Amino acid sequence: DAGVIQSPRHEVTEMGQEVTLRCKPISGHNSLFWYRQTMMRGLELLIYFNNNVPIDDSGMPEDRFSAKMPNASFSTLKIQPSEPRDSAVYFCASSLGGANEKLFFGSGTQLSVL
Amino acid sequence: DAKTTQPTSMDCAEGRAANLPCNHSTISGNEYVYWYRQIHSQGPQYIIHGLKNNETNEMASLIITEDRKSSTLILPHATLRDTAVYYCIVFNAGNNRKLIWGLGTSLAVNP
């Protein structure tokens, strides 16, 4: 298995532009998580899905952020419009779910908003 | 979820055992202890988890005290590739499944 696949690996954009981050979870995993990591705040959970349904989006900073999971093998995190303070590494993770929480993380997307 | 306390940083000589402590004095009976690590520029990597008993896998051993208020992650023969930030997390599947990530312990393995 190729693991969790994220794209792009790096994204540089200008303030006000729309940014779309993509994630392909491990096949057979039914939970998917979007995290953001910064030096100041560490790892923060933005949203997680179970069986393609958003369960908890309380970590989404504001309405500029949205996430979708149209099917079991694909999810997107969109920022519109982007701001410099959104600059961070965004990680996607997946798990089998259930009582245990063994997460498998992707390599992340380094986002820079100028 | 219960909070955890870890030292900010530790050093270890290559080939020696690295013992990383974690305090979780408010852990409740149905909460697991999870350990992850994050090597620079990579996503976090699962290491091991346990509830009450000590656990061992190909990466590490996890020793949980009898009162479950603290635990120690042991890397038996640390290598330079083990240099990373190690996170100790207490997880309750009955809650909203939100892992609370602290700042972790930055482990430096020195040659």
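We name chains A, B, ... by the order of the sequence lines, and we start the count at 1 in each one. Only a predicted model underlies this, so the values are computations on that prediction, with no experimental measurement involved.
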Practice problem: Name, in order of residue number, those residues of residues 105-114 of chain A that have a heavy atom at a distance of less than 4.5 Å from a heavy atom in chain B; otherwise write 'none'. | Solution: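 Checking residues 105-114 of chain A against chain B gives F105(A), G106(A), S107(A).
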Report whether [X] and [Y] are members of the same hydrophobic cluster (ILVMFWY, side-chain heavy atoms less than 4.5 Å apart, transitive linking).
X: L45(A); Y: V53(A); answer: yes
X: I48(B); Y: M10(B); answer: yes
X: Y86(B); Y: I74(B); answer: no
X: L73(B); Y: M59(B); answer: yes
X: F74(A); Y: W34(A); answer: no

Quiz item: Hey, which residues of residues 101-111 of chain B are touching chain A, say heavy atoms under 4.5 Å apart?
Solution: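 Near chain A, by residue number: W101(B).
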Practice problem: Under 4.5 Å heavy-atom distance to chain B, tell me which part of Q37(A) shows up: side chain, backbone, both or neither. | Solution: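 Side chain only.
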Exercise. Check ring pair (Phe, Tyr, Trp, His ring centres under 6.0 Å) between Y46(B) and all other residues, then give those that pass, not counting sequence neighbours.
Key: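 Y36(B), H49(B).
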Quiz prompt | Flag if over 12 foreign heavy atoms under 6.0 Å of CG, D67(B) | solution =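 Check passes, neighbour count above 12.
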Self-check item: Non-hydrogen atoms of K102(A) and Y34(B) that approach each other most closely
Solution: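 Closest approach of K102(A) to Y34(B), heavy atoms only: N-CE2, 3.9 Å.
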Practice problem: Scan for side-chain hydrogen bond (donor to acceptor under 3.5 Å, both in side chains) pairs involving residues 6-21 of chain A, sequence neighbours excluded, and state none if there are none. | Solution: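 Pairs touching residues 6-21 of chain A that pass the test: none.
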